[in-house]
2 protein chains.
Amino acid sequence: MTAQQLTRNQALVLDALSAAEAPLSAYTILDKLRGDGFRAPLQVYRALEKLQDFGLVHRLESINAFVACAHPDEDCCSHGLTAFTICESCGKVTEFHDHMIEERLAAFASDRNFRPGKTTIEIRGHCAGCA
Amino acid sequence: MTAQQLTRNQALVLDALSAAEAPLSAYTILDKLRGDGFRAPLQVYRALEKLQDFGLVHRLESINAFVACAHPDEDCCSHGLTAFTICESCGKVTEFHDHMIEERLAAFASDRNFRPGKTTIEIRGHCAGCA
DNA sequence: CAACTTATGTAATAACATTACATTTAGATT
DNA sequence: AATCTAAATGTAATGTTATTACATAAGTTG
Ligand SMILES: [Zn+2]
Ligand SMILES: [Zn+2]
Ligand SMILES: [Zn+2]
Ligand SMILES: [Zn+2]
């Protein structure tokens, strides 16, 4: 699934996320885009779904919010696991990849004949600036 | 935070989760406990919060559901990170701990002066039986 | 153009969670 | 036992997040 040309709605949602300093909820995005003609949640959710397919956006499961991928050019998401730190004070998100963790989880799954799909790793806490 | 005697509501919620074959949503628990006098979501959410504090229940962030801890006697949750595999077909959940992953995440956080709080690791996929 | 697929618009509803406030219960103190 | 206090509970209302259903429009292909 490679990122082709984005539709207008997809581009608007991605721009909103890219401009934001912190993750945004779907309804926050909706409010930001009302001036661009957005009227209903589904317009946001549909765009978000495609953007996630393209590897341009990640969903943070533990806070029901979305962020633009930190390095979309590397096709980071297709190479497996993505992990995040999330500051509960300022909202700052750091995205990272760790092959050792990836292999460790893969080994655990393999040992049990568990076929892994999407994996979530999210560390909530406080960033250096908010210590 | 050690598990003292549970209240009636807490015990009912824990029993419901322990008896279940798969994670339950708060509203599913509510429905199961209507016969025991439960009337409102808050009764469930309050019990769940305490049970999580006691280390007897885990919340699965990626599916908005709750499970009884697989080994509450070991005080597993206080010793840090808990990870899960979640079968998207049958709902079966396996809870596990991995010190290498734990150390690896701690090192990443430490390098960035990120003070970690609760960490979520959830692998969604298909279990051996549902391959 | 016709047929097909993808994207969009809109309304309604479902699913998940919290706020606010009144009341009760269980333990501790006197 | 009477009092005080902290924790737990009951209830209603509301807030937040996400999906279903159906109609319309736009792009793609033969
Ligand atoms: Zn990414
Ligand atoms: Zn911060
Ligand atoms: Zn546990
Ligand atoms: Zn299964």
Side-chain angles (χ1 to χ4, degrees), chain A residues 1-17 20 22-54 56-67 86 88 91 118 120 122 124, chain B residues 1-17 20 22-54 56-67 86 88 91 118 120 122 124:
Chain A
M1 182 86 53
T2 180
Q4 34 235 2
Q5 186 65 15
L6 300 180
T7 67
R8 170 181 153 84
N9 284 6
Q10 288 160 13
L12 285 167
V13 169
L14 182 56
D15 286 350
L17 284 174
L24 300 178
S25 76
Y27 278 76
T28 301
I29 296 170
L30 173 58
D31 286 340
K32 284 183 183 295
L33 295 180
R34 289 203 188 273
D36 297 293
F38 274 48
R39 308 281 305 165
L42 206 50
Q43 294 175 286
V44 177
Y45 282 109
R46 286 203 274 228
L48 285 171
E49 184 176 22
K50 286 297 180 186
L51 291 167
Q52 286 175 270
D53 287 346
F54 297 155
L56 299 176
V57 162
H58 299 289
R59 174 186 168 83
L60 301 175
E61 308 282 356
S62 65
I63 59 171
N64 296 328
F66 302 85
V67 284
I86 305 170
E88 293 182 312
K118 194 187 173 216
T120 296
E122 298 174 14
R124 271 140 9 258
Chain B
M1 182 85 53
T2 179
Q4 35 234 4
Q5 185 65 13
L6 299 181
T7 67
R8 171 181 155 83
N9 284 5
Q10 288 159 14
L12 285 167
V13 169
L14 182 57
D15 286 350
L17 283 173
L24 300 179
S25 76
Y27 278 76
T28 301
I29 295 170
L30 174 57
D31 287 340
K32 284 184 183 294
L33 296 180
R34 289 203 188 273
D36 297 291
F38 275 48
R39 309 280 306 164
L42 205 50
Q43 295 174 287
V44 178
Y45 283 110
R46 285 202 275 226
L48 285 170
E49 184 176 21
K50 286 295 178 189
L51 291 168
Q52 288 175 268
D53 289 345
F54 298 153
L56 299 176
V57 162
H58 299 290
R59 173 185 169 82
L60 301 175
E61 308 282 357
S62 66
I63 60 172
N64 297 329
F66 303 84
V67 284
I86 305 169
E88 294 183 311
K118 194 186 174 217
T120 297
E122 297 174 14
R124 269 135 19 251

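Every chain is numbered from 1, with letters handed out A, B, ... down the list of sequences. Computed from a predicted structure; not experimentally measured.
Ring stacking is absent between B:Tyr45 and C:dT18, as the pair misses the limits of under 5.5 Å between centres and under 30 degrees between planes. Stacking here means ring centres nearer than 5.5 Å and ring planes tilted less than 30 degrees, and by that measure A:Tyr27 does not stack onto D:dT16.
Shortest non-hydrogen contact noted between A:Phe66 and A:Leu17 is O-CD2, 3.2 Å. The minimum heavy-atom distance linking B:Ser62 with A:Thr120 is given by the pair CB-OG1, 4.4 Å. What you find for B:Glu88 and B:Arg124 is that their closest heavy atoms are OE2-CB, 3.5 Å. Minimum heavy-atom separation, B:Leu24 to B:Ala16: CD1-O, 3.7 Å. Closest non-hydrogen pair, A:Gly91 versus A:Pro23, comes out as O-CD, 3.0 Å.
Regarding A:Ile63, its CD1 atom lies at a distance of 18 Å from the C1' atom of C:dT18, rounded to whole Å. Atom-to-atom, CZ of A:Arg46 to C1' of D:dA25 comes out at 12 Å; the value is rounded to the nearest Å. Between B:Leu48 atom CG and D:dA8 atom P there is a gap of 14 Å when expressed in whole angstrom units. Counting to the nearest Å, the P atom of D:dT9 and the CD atom of B:Glu49 are 12 Å from each other. Between the C1' atom of C:dA22 and the CG atom of B:Leu42 lies a distance of 13 Å, rounded to the nearest Å. To the nearest angstrom, P of C:dT8 lies 15 Å from CG of A:Leu30. Atom CZ of B:Arg34 is separated from atom P of D:dT11 by 12 Å (rounded to the nearest Å). The CD-P distance, from A:Gln5 to D:dA26, rounds to 18 Å in whole Å.
The phosphate of C:dA26 has neither OP1 nor OP2 within less than 4.0 Å of any side-chain N or O from B:Arg8. Listed pair B:Gln43 / D:dG10 meets the phosphate criterion, a side-chain N or O lying under 4.0 Å from OP1 or OP2.
Nearer the 5' end of DNA chain D, as judged by each residue's closest nucleotide, is the contact made by B:Gln10, out of B:Pro41 and B:Gln10. Each of B:Asn64 and B:Thr7 has a nearest nucleotide on DNA chain D; the 5'-most of these lies closest to B:Thr7.
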